[in-house]
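All of these numbers come straight from a predicted model, not from anything done at the bench.
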Amino acid sequence: MIRKILGLVLLLLAGPALAQGVSYNFIELGYERSEFDDIDLDGDGFGLGGSVEIGEYVFLLVDYSQLSFDEGIDYDQLAVGAGYHVGMSARTDLYVGLMYVAAEASVGNDSADENGFGATMGIRSLLTDKFELQGDVTYIDLGDGIDGTTVGVMGRYSFTPAFAGTLNVGFDEDATNYGVGVRFYFGK
């Protein structure tokens, strides 16, 4: 298993990234932390996601996160969907996406799961050849009154054309989310 992962990473590092414009062909892995504002509940874990272009303006996306909170609470979320992007300039895109979202929370032997949808809209801009800034608004509705809107800001610094470090922060009405990670770009 480790050999397969290392082989995939080496292929991604060796693959050409798109030299101009914003790329939607990537795999990302990161550490995530969530802090709730009104209750004493904090958690952390990891996220894994990616995107691949399937046309000039259309991309598929997937995002998985697994967080462990105080008091033995575990939370898993999977989002799968598609998006559409349009260039506002040679280095800036506006994008929208729709997702199917599945979530499960568990405490000990008790668990609950919900399924729903999500929608996102944002802007990605290459401010320099090495630094990208992204801002977005994401709404998720899991039914039964479980919904929320998150406003996020992400920064990415490209160390090579195929490898970038990432920082992000997201705010909703109940929590603040932080993240740090790595992104691997690949060509089509």
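Considering only heavy atoms from C-beta on, His85 stays 4.5 Å or farther from Arg124 through its side chain. At a threshold of 4.5 Å between non-hydrogen side-chain atoms, the residues Val153 and Gln134 do not count as touching. Within the 4.5 Å cutoff, no side-chain heavy atoms of Ile140 are placed close to those of Thr150. Asp174 places none of its side-chain heavy atoms less than 4.5 Å from the side chain of Asp37. When side chains are defined from C-beta on, Phe59 does not count as touching Tyr84, because their heavy atoms never get closer than 4.5 Å. Side-chain contact check for Phe26 versus Arg156: every heavy-atom pair is 4.5 Å or farther apart. Inter-residue side-chain proximity for Tyr31 and Tyr178 is flagged as unmet; no heavy-atom pair is nearer than 4.5 Å. Using a 4.5 Å heavy-atom cutoff, the side chains of Asp129 and Arg91 are in contact.
In terms of modelled atom types and a separation under 3.5 Å, the side chain of Asp93 and the main chain of Tyr95 share no donor-acceptor contact. The main-chain N or O of Pro161 is never found under 3.5 Å from a side-chain atom of Ser158 such that the two would form a donor-acceptor pair. Formation of a donor-acceptor pair under 3.5 Å by the Ser51 side chain with backbone atoms of Tyr24 is found in this model. Under a 3.5 Å cut-off, the side chain of Asn168 and the backbone N or O of Gly179 do form a donor-acceptor pair. Side-chain atoms of Thr166 come within 3.5 Å of backbone N or O of Gly181 as a donor-acceptor pair. No donor-acceptor distance shorter than 3.5 angstrom exists from the side chain of Asp63 to the backbone of Ala79, with no hydrogens or angles considered.
Heavy-atom minimum distance, Met99 versus Ala119: CE-N, 3.8 Å. Here the closest heavy-atom approach between residue Phe159 and residue Gly165 is recorded as CE1-N, 3.6 Å. Minimum heavy-atom separation, Glu32 to Ser65: OE1-CB, 3.4 Å. Counting all heavy atoms, side chain and backbone alike, Ser34 lies closest to Asn177 at OG-OD1, 2.6 Å. The shortest heavy-atom contact between Val107 and Glu71 is CG1-O, 4.1 Å. The two atoms that bring Thr92 and Ser125 nearest to each other are OG1-OG, 2.7 Å, heavy atoms only.
A distance of 10.0 Å separates CD of Glu35 from CG of Asp44, quoted to the nearest 0.5 Å. With rounding to the nearest 0.5 angstrom, the CZ atom of Phe46 is 5.0 Å from the OH atom of Tyr64. Here CG of Asp70 is found 6.5 Å from CG of Asp40. Values are rounded to the nearest 0.5 Å.
With no hydrogens or angles considered, a side-chain donor-acceptor pair links Thr138 and Thr120 at under 3.5 Å.
Phe163 has its ring centre less than 6.0 Å from the ring centre of Phe184.
Checking each of Leu67, Val180, Thr176, Asp42 against Arg33 for a side-chain contact (heavy atoms from CB on, under 4.5 Å) leaves exactly one that passes, namely Asp42.
More than 12 non-hydrogen atoms from other residues, nucleotides or ligands lie less than 6.0 angstrom from OH of Tyr139.
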The test is side chain to side chain contact (heavy atoms under 4.5 Å, CB included); show your working for Thr149 and Asp172 and say whether it passes. CA-CA 6 Å; Thr149 301; Asp172 69 23; 6.0 Å; no

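For the pair Arg183 and Tyr157, the NZ or CZ position fails the cation-pi test of under 6.0 Å to the six-membered ring centre and within 45 degrees of the ring normal.
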